[in-house]
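Working notes, structure below.
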Amino acid sequence: MQSTRPAGLDLTTLAGYRRPRHDITALVDRIAAHLDEHDGYVAFSGGKDSTAVLDLARRADPHVPVCFFDSGLEFPETLTHIEHLADLWHLNLYVVPARPSALDYLRATGAWDHNAKTRHDLLRGNGFHNALITAPAAAAHAEHGAGELWGIRTQEAPGRRVLLLRGLNREISQHCPPGCCSIPPANRHTRLHRQRHGGIVRRTNGTIAFSPVWDWLDPEIHAHLHRHRIPVNPLYARLAQLGAPPQLQRVALMVDANGAGVGRFTWLRRGWPDLFDQLAAALPRITELT
């Protein structure tokens with residue numbers, strides 16, 4: 001007789017039944033106000049955070065522009081997930097390719113091939129980030145306006161926490177007039193201040209980004225997606241199956257320097273062997289990092 005193991009309590013399902021800590025109606029209203037004032041688009045990566053933001057943004061405007069910055073090194077699961085949501089939700093989707101692509105840029109540096117000449121000019125500065133993020137974002141803003149909705153959170157990384165808390169301080173100091181929150185501005189970071197002014201980042205180039213989930217915790221993201229039966233990128237489950245710990249189950253490029261020291265290339269080789277072989281032909285040193 002075949003024995004079965006008890007499934008136990010599904011904590012994600014349980015979290016989905018809990019009352020959300022955040023006022024979703026107020027968040028949708030803030031998104032609508034942001035789009036009314038600045039126009040703009042949803043920056044969609046295919047990850048869980050930007051998927052939650054996309055769901056909230058569609059409640060404010062079902063036809064909001066959705067921009068995916070295609071690096072050329074996305075996992076196939078990410079591309080499939082984006083195509084699925086585009087069809088399911090009838091998204092107003094714009095694919096903005098990186099030029100050069102991430103693969104072309106990495107090859108051009110020479111750093112991934114012992115027999116190639118190293119291009120130190122490409123390795124210095126923010127060239128890679130400019131090609132993958134800054135230039136596509138500029139094109140998206142030129143097309144859709146200065147506003148942006150994205151899914152960065154304070155819990156993700158110290159740098160993002162600093163960025164978002166500085167943004168909150170600035171909003172309270174400069175955009176919370178007397179009577180706005182019925183609390184003297186000196187008493188910062190109250191719940192009402194965070195609800196009305198948190199998540200805004202005003203950039204020096206004049207663009208204004210708003211993350212509605214800026215102070216959400218991981219369980220809250222998962223619960224929101226589960227509660228509303230929102231499809232999740234299957235890449236997460238695949239990485240978990242390959243042994244990646246939860247903090248490293250991220251929607252990111254197949255190849256980048258940040259993944260070299262945490263085992264990402266080993267998971268790539270095990271999970272997508274054919275793709276790995278093709279990438280190794282273009283970037284031979286990747287085989288030394290598995």
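In this text the structure is predicted, and so the values were computed from the model without any measurement.
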- Answer yes or no: is there a side-chain heavy-atom contact under 4.5 Å between H222 and H226? no

- Message: Determine whether R238 and E77 satisfy the following criterion, salt bridge (charged side-chain N to carboxylate O under 4.0 Å, His left out), listing intermediate values before the conclusion.
- Response: CA-CA 9 Å; R238 185 67 179 125; E77 285 82 355; 5.1 Å; no

- So R202 and Q174, side chain to side chain contact (heavy atoms under 4.5 Å, CB included) or not? Walk me through it. CA-CA 12 Å; R202 297 177 186 266; Q174 300 182 12; 5.8 Å; no

- Are H129 and T134 side-chain neighbours, meaning at least one heavy-atom pair lies under 4.5 Å? yes

- Are V201 and L163 side-chain neighbours, meaning at least one heavy-atom pair lies under 4.5 Å? yes

- Message: Taking the ring centre of each residue, are F210 and H38 less than 6.0 Å apart?
- Response: no

- CZ of R58: more than 12 outside heavy atoms within 6.0 angstrom? yes

- Task: Check the pair H228 / D55 against side-chain hydrogen bond (donor to acceptor under 3.5 Å, both in side chains), numbers first and verdict last.
- Result: CA-CA 9 Å; H228 300 287; D55 170 64; 5.2 Å; no

- Message: Using a 3.5 Å distance criterion without hydrogens, assess whether the side chain of S173 forms a donor-acceptor pair with backbone atoms of R170.
- Response: no

- Evaluate whether atom CZ of R203 has more than 12 neighbouring non-hydrogen atoms of other residues, nucleotides or ligands under 6.0 angstrom away. yes

- Looking only at heavy atoms, which two atoms of L73 and L103 are closest? And how far apart? CD1-N, 3.8 Å

- Does any N or O in the side chain of H197 come within less than 3.5 Å of the main-chain N or O of G167, such that one atom is a donor and the other an acceptor? no

- Over all heavy atoms of both residues, which pair between H141 and G147 is shortest? Give the atoms and the distance, please. CE1-O, 3.4 Å

- Hey, is the main chain of H81 close enough, under 3.5 Å, to the side chain of N233 for a donor-acceptor pair? no

- Message: Quick check on the hydrophobic clustering: are V95 and L79 connected, directly or via other members, by side-chain heavy-atom contacts under 4.5 Å?
- Response: yes

- Using ring-ring contact (aromatic ring centres under 6.0 Å, His included) as the criterion, list what pairs up with F68, not counting sequence neighbours. none

- Please report the closest heavy-atom contact between L88 and P231, naming both atoms and the distance. CD2-CG, 3.9 Å

- Task: Evaluate side chain to side chain contact (heavy atoms under 4.5 Å, CB included) for L91 paired with L54, printing each intermediate quantity in order.
- Result: CA-CA 10 Å; L91 296 180; L54 176 57; 3.9 Å; yes

- When you look at CZ of R229, are more than 12 heavy atoms from neighbouring residues, nucleotides or ligands closer to it than 6.0 Å? no

- Query: Going from CD on E74 to CG on L253, what distance comes out if it is rounded to the nearest 0.5 angstrom?
  - Reply: 5.5 Å

- Message: Are I200 and H34 packed together at the side-chain level, in the sense that at least one heavy-atom pair is separated by less than 4.5 angstrom?
- Response: yes

- Query: Hey, does Y105 have a side-chain heavy atom less than 4.5 Å from the side chain of L132?
  - Reply: no

- Message: I'd like to know if the side chain of Y236 and the backbone of K48 have a donor-acceptor N/O pair within less than 3.5 Å.
- Response: yes

- Note, I230 side chain near H224 side chain (heavy atom, < 4.5 Å): yes

- Message: Between R196 and E171, does any side-chain N to carboxylate O distance fall below 4.0 Å?
- Response: no

- Does the side chain of V255 reach to within under 4.5 Å of the side chain of L283, using non-hydrogen atoms? yes

- Query: Is the charged tip of R30 near the ring of W214: under 6.0 Å from the six-membered ring centre and within 45° of its axis?
  - Reply: no

- Note on the structure: Here the gap from L268 atom CG to L289 atom CG, rounded to the nearest 0.5 Å, amounts to 11.5 Å

- Query: For E288, what residues pass the salt bridge (Lys or Arg N to Asp or Glu O under 4.0 Å) criterion, not counting sequence neighbours?
  - Reply: R285

- Roughly how far, to the nearest 0.5 Å, is the CG atom of L242 from the CG atom of L248? 12.5 Å

- Query: So, the side chain of S71 versus the backbone of A102: is there a donor-acceptor pair under 3.5 Å, distance only?
  - Reply: no

- Task: Could you give me the CA-CA distance, side-chain angles and deciding distance for I152 and L164, then say whether side chain to side chain contact (heavy atoms under 4.5 Å, CB included) is met?
- Result: CA-CA 9 Å; I152 69 168; L164 288 162; 3.9 Å; yes

- Query: Does W216 offer a backbone N or O that forms a donor-acceptor pair with the side chain of R153 under 3.5 Å?
  - Reply: yes

- Query: Is the backbone of L106 close enough, under 3.5 Å, to the side chain of T109 for a donor and an acceptor to pair up by distance?
  - Reply: yes

- Note on the structure: Nearest heavy-atom approach of A116 to G110 is CB-CA, 4.0 Å

- Task: Answer with yes or no whether the hydrophobic clustering places Y94 together with V64; edges join I, L, V, M, F, W, Y residues whose side-chain heavy atoms lie under 4.5 Å apart.
- Result: no

- Does any N or O in the side chain of Q155 come within less than 3.5 Å of the main-chain N or O of D218, such that one atom is a donor and the other an acceptor? yes

- Item | Approximate separation, where rounding is to 0.5 Å, of D23 CG and D29 CG | 8.0 Å

- Do I24 and W89 sit in the same hydrophobic cluster, where Ile, Leu, Val, Met, Phe, Trp and Tyr count as joined when their side-chain heavy atoms come under 4.5 Å apart? yes

- Message: Could you go through R194 and H22, starting from their C-alpha distance and side-chain angles, then the distance that decides it, and tell me whether this counts as side chain to side chain contact (heavy atoms under 4.5 Å, CB included)?
- Response: CA-CA 11 Å; R194 294 167 70 92; H22 299 83; over 6 Å; no

- Task: Over all heavy atoms of both residues, which pair between T287 and A280 is shortest? Give the atoms and the distance, please.
- Result: CG2-CB, 3.8 Å

- Item | Shortest non-hydrogen separation from T78 to G46 and the atoms involved | CG2-CA, 4.5 Å

- Query: Does any non-hydrogen side-chain atom of F276 lie less than 4.5 Å from one of I286?
  - Reply: yes

- Roughly how far, to the nearest 0.5 Å, is CG of D215 from CZ of R161? 10.5 Å

- Query: If you group Ile, Leu, Val, Met, Phe, Trp and Tyr by side-chain heavy-atom gaps below 4.5 Å, do L225 and L217 land in one group?
  - Reply: no

- Find the distance between CG (D61) and CG (L35) and round it off to the nearest 0.5 Å. 6.5 Å

